[in-house]
There are 4 protein chains.
Amino acid sequence: MDSPLNNREIASRKRREQVLDAAAACFVERGFHQTGMREIAKRASVSLGNLYNHFPSKHDMLIGLAELELSSVDPFVEMLMRNVRPSVCLREFTRAYFQHCSDHDAAILYLDIAAEAMREPDIAERFLQARSTLAEALTSLLFKGVESKDFGPSIVDTSTADLILDLIEGAAARGSIDASKPDMLMASIEAMVFAALRH
Amino acid sequence: MDSPLNNREIASRKRREQVLDAAAACFVERGFHQTGMREIAKRASVSLGNLYNHFPSKHDMLIGLAELELSSVDPFVEMLMRNVRPSVCLREFTRAYFQHCSDHDAAILYLDIAAEAMREPDIAERFLQARSTLAEALTSLLFKGVESKDFGPSIVDTSTADLILDLIEGAAARGSIDASKPDMLMASIEAMVFAALRH
Amino acid sequence: MDSPLNNREIASRKRREQVLDAAAACFVERGFHQTGMREIAKRASVSLGNLYNHFPSKHDMLIGLAELELSSVDPFVEMLMRNVRPSVCLREFTRAYFQHCSDHDAAILYLDIAAEAMREPDIAERFLQARSTLAEALTSLLFKGVESKDFGPSIVDTSTADLILDLIEGAAARGSIDASKPDMLMASIEAMVFAALRH
Amino acid sequence: MDSPLNNREIASRKRREQVLDAAAACFVERGFHQTGMREIAKRASVSLGNLYNHFPSKHDMLIGLAELELSSVDPFVEMLMRNVRPSVCLREFTRAYFQHCSDHDAAILYLDIAAEAMREPDIAERFLQARSTLAEALTSLLFKGVESKDFGPSIVDTSTADLILDLIEGAAARGSIDASKPDMLMASIEAMVFAALRH
DNA sequence: TATGAATGAGTATTCATTCAT
DNA sequence: TATGAATGAATACTCATTCAT
């Protein structure tokens, strides 16, 4: 009964995703502002005009990607909320999130989005929302860890989670520019975070 | 004899600086790729064609700015090499460098240069050189501090300095996107760094 | 038996009218060539594709409007053919037709159609047919007036009616561009027409 | 001394004129909105980009043409101000101006400009200024003619000149759409104008 | 050194129209 | 009849760069 409607809707959604994937790939390769709509269309195997049936503008594609980025933190939020010993949980999170941020393509795209966010408020909005969701979950974990004596009490405040994230992301981003060994970097980060949190 | 030549040389250097300042201002306002050469020329009160007497291309202007960025770390390197108690020195450096990185315009330009560095090796080179100069000086200080028992020995390795810089820079950059209070942020950074380094 | 068909026919005719009204409104607001089919569809509350069930092309919409224009002269033709003293009849016609041509929206649309008529023969055809229908009726009236001694004989020829219409239309159109007072203009037109026709 | 500067200036002016001529030709052929900048560039034997060194936008080209139109009335103004018997002067003017307005290309361009003037105030401004300059000169002549008893006094008021111009222009424009004989039309116009003005 | 006209490929976006559903 | 996704050529305009002066 409703299958023909759904079919069309599903097809349209697929196209949207297709286009967004192509856009992401292009932006990674050449940067947001260097990428032309033609490139995206070609890569998505979609006609140029049809791009605009799915996204009203190039800018909106970046918003789409920023929102994808936003939802990409969900698994990490879940990870932070599991009922596991906080120190164990933090260690696992740190590794997983660093690995996530170290992905070369993701890092490049992240930088481009961040750069655009400095001038476009609606990008900034999505960008920061993803961040604060994650920071809140991490803050909860840290306080739980202080309570359970996993972490020393002295330095944990509402900024700590943000700083840990800054550290992980910053290190991963830099690691993407120079080609330093991620494993060593990772071990150092872990050491630093836990050193800061110890009693 | 050579004074007329010098005068000309001096004038030319001034022009170059003038142009670079204008370029920086434009890049901050609208981003590297959105800025046109005409804009820069107008802002520098220089004719469009004359721009090319000072920089062979737009790309070279960005290199010029990356090199300026490079030399902007000099005072911080000096600061790190003073003969002061390492913990005092580090505290002062942390504050000063964070403040430096928190400047809104500088942060925007920094992000743009970083984004460009991901795709342009000659930008990356300057960008990373500035970074490693600073990291080396900081590493020296940290080891000095370990020797003098200012810092606990356990976690200091060759990556530590980089991570501290990642933390400071990352936090400052994020602070520039959302408009969080830099003073509070700064206190938290200091706390975190020293917590990580304590015995 | 044929009522369901008729219902459908009636509905279709209504849609057609709906679309034509929307097109007219759009053309008035933004001009024929600046108006997009999407705009018209939205304004007519009709889907884009469905537009083409009623008009095979945008061009045909303009033809439709030119034909509407054509039929809009019917009441004036009737007015000219009434059995009234020619001078009275002419005075009434002049006033009514000037008023009709002075309507701002109609004037804009009229100009657009005229401009298009210069390059599209099938528009020109409709455009001129409306005109000649009116001119013929007016010519009849003028000759009747000459016979009845309402008007002086000397200048009335087959072009006179056209010129009177040119005068009324031209003045009304110009009055629509600058915003001069139509009442004064109208009185002057009347004076001029009757001065030309007097003995 | 100043010749090199002048040479460049002269060359630039020539180019501007060249471009404006090409634009006029294109607008006549295909209409303002159907003409693309590439067409104009090609016709003017100028590169596309260079067009924008001479006119900031397509719109400004139309303004340029409207201003040219404006200055094209100068000879007619002069004609109206000669020290000749008013009735003779008017007859000559009527003929000359009608001939001028009957030029097919000029008429087409005139219509396009008029249509654009309905939506663009800065076009309307130039358009109406040309008109009112002419109307003022004609008004002077008419009053002079009334004084000298060339014309009957009754109907001449401040609108009369405008109406005479409306008549001439309207008739010429219509004559350009249908292909009626201009000579006959011209004779009828003259008859009508003088009939209206006679004692 | 300084100027700005000249170049033509490149930009994001819109267009009228078609067509599978 | 009705829908709106799909098409790709066309739109006005901007770009970094060159070059004659």
Side-chain angles (χ1 to χ4, degrees), chain A residues 3-5 7-9 11-12 14-16 33-42 45-61, chain B residues 8-9 11-12 15 33-42 45-61, chain C residues 8-9 11-12 15 33-42 45-61, chain D residues 3-5 7-9 11-12 14-16 33-42 45-61:
Chain A
S3 77
L5 188 71
N7 278 350
R8 273 224 247 168
E9 257 181 39
S12 186
K14 246 186 196 166
R15 273 272 205 254
R16 206 192 120 96
H33 289 290
Q34 283 99 304
T35 298
M37 294 300 263
R38 288 184 146 83
E39 265 171 280
I40 299 172
K42 188 165 286 182
S45 303
V46 158
S47 79
L48 175 57
N50 197 18
L51 238 48
Y52 289 84
N53 286 322
H54 298 282
F55 294 91
S57 76
K58 194 183 176 189
H59 180 82
D60 287 276
M61 286 186 185
Chain B
R8 272 222 250 165
E9 256 181 39
S12 183
R15 273 272 209 254
H33 290 288
Q34 284 99 300
T35 297
M37 295 299 264
R38 287 181 144 82
E39 257 172 289
I40 299 173
K42 187 166 286 178
S45 305
V46 158
S47 80
L48 176 58
N50 196 17
L51 236 49
Y52 288 82
N53 288 324
H54 299 284
F55 294 90
S57 78
K58 193 184 173 189
H59 180 83
D60 288 277
M61 286 185 185
Chain C
R8 272 220 250 164
E9 257 181 38
S12 182
R15 274 270 209 254
H33 290 289
Q34 284 98 303
T35 297
M37 295 299 264
R38 287 183 146 81
E39 254 172 292
I40 299 172
K42 187 167 286 180
S45 305
V46 158
S47 80
L48 175 58
N50 196 17
L51 236 48
Y52 288 82
N53 288 324
H54 298 284
F55 294 90
S57 77
K58 192 184 174 189
H59 180 83
D60 289 277
M61 286 185 185
Chain D
S3 78
L5 188 70
N7 278 349
R8 274 224 246 168
E9 257 181 38
S12 186
K14 247 188 194 164
R15 274 273 204 251
R16 205 192 122 97
H33 289 289
Q34 283 99 303
T35 298
M37 295 300 264
R38 287 185 146 81
E39 264 171 281
I40 299 172
K42 187 164 287 180
S45 304
V46 157
S47 77
L48 175 57
N50 197 18
L51 239 47
Y52 290 85
N53 285 323
H54 298 282
F55 294 91
S57 77
K58 194 184 176 189
H59 180 84
D60 287 276
M61 285 184 184

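Below, chain A is the first sequence line, B the second, and so on; all start at residue 1. No experiment lies behind these values; they were computed from the predicted model shown.
- Straight-line distance from the CZ atom of D:Phe55 to the P atom of F:dA12: 15 Å, rounded to whole Å.
- Annotation: the span from B:Lys42 atom NZ to B:Ile40 atom CD1 amounts to 13.0 Å, rounded to 0.5 Å.
- Close to F:dA16, at under 4.0 Å from its OP1 or OP2, lies no side-chain N or O of B:His59.
- At a threshold of 4.0 angstrom between heavy atoms, the contacts of D:Ser45 with the nucleic acid are absent.
- Taking atom CG of residue B:Leu48 and atom C1' of nucleotide E:dT7, one finds them 13 Å apart after rounding to whole Å.
- Out of E:dG8, E:dA16, E:dA5, the shortest distance to the side chain of D:His54 is found at E:dA5.
- Protein atom CD of A:Glu9 is 11 Å distant from nucleotide atom P of F:dG4, rounded to whole Å.
- Toward the 5' end of DNA chain E, the nearer of the two residues C:Gly49 and D:Gly49, judged by each one's closest nucleotide, is D:Gly49.
- The distance between atom CD of C:Glu39 and atom P of E:dT14, rounded to the nearest whole Å, is 11 Å.
- A 4.5 Å side-chain heavy-atom check between B:Glu39 and B:Gln34 finds every atom pair outside the cut-off.
- Phosphate contact (OP1/OP2 of F:dT3, side-chain N/O of C:Asn50, threshold under 4.0 Å): present.
- Taking only side-chain nitrogens and oxygens, A:His33 never comes nearer than 4.0 Å to OP1 or OP2 of E:dT11.
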Subject >> Full working for side chain to side chain contact (heavy atoms under 4.5 Å, CB included) between A:Arg15 and A:Asn53 >> reply: CA-CA 10 Å; A:Arg15 273 272 205 254; A:Asn53 286 322; over 6 Å; no
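- For the pair B:Gln34 and C:Leu51, nearest-nucleotide mapping onto DNA chain F gives the more 5' position to C:Leu51.
- Distance from the side chain of D:Tyr52 is smallest for F:dA12 among the nucleotides E:dA5, F:dA12, E:dT17.
- Rounded to whole Å, the distance from NZ on C:Lys42 to P on F:dT3 is 14 Å.
- When Watson-Crick and G-U wobble pairs are counted only if both distances are under 3.5 Å, E:dA20 pairs with F:dT3.
- Residues B:Thr35 and B:Lys58 approach most closely at O-NZ, 2.8 Å, considering heavy atoms.
- Nearest heavy-atom pair across D:Val46 and D:Asn50 is CG1-CB, 3.7 Å.
- The residue D:Gly36 sits close only to the backbone: its heavy atoms come under 4.0 Å of sugar-phosphate atoms, none of a base.
- Atoms NZ (C:Lys58) and C1' (E:dT18) sit 17 Å apart, rounded to a whole Å.
- Between the C1' atom of E:dA16 and the CG atom of C:Asp60 lies a distance of 13 Å, rounded to the nearest Å.
- With DNA chain F read from its 5' end, the first of the two nearest nucleotides for C:Val46 and B:Met37 is the one closest to C:Val46.
- For A:Asn53 and F:dA6, a side-chain-to-base donor-acceptor distance below 3.5 Å is present, hydrogens and geometry of angles not being considered.
- One distance of note links OG of D:Ser12 with NE2 of D:His54; it measures 5.0 Å at 0.5 Å rounding.
- The base of E:dG10 sits within donor-acceptor range of the side chain of D:Arg38, with an N or O pair under 3.5 Å.
- The pairing partner recorded for E:dG8 is F:dC15, the criterion being a Watson-Crick or G-U wobble arrangement whose two distances lie under 3.5 angstrom.
- Between A:Arg15 and F:dA6 there is a side-chain N or O to OP1 or OP2 distance below 4.0 Å.
- One interatomic measurement links the two molecules: CE of D:Met61 to C1' of F:dC13, which rounds to 11 Å at whole-angstrom precision.
- Both D:Ala11 and C:Ser57 lie near DNA chain E, and the one whose nearest nucleotide falls closer to the 5' end is D:Ala11.
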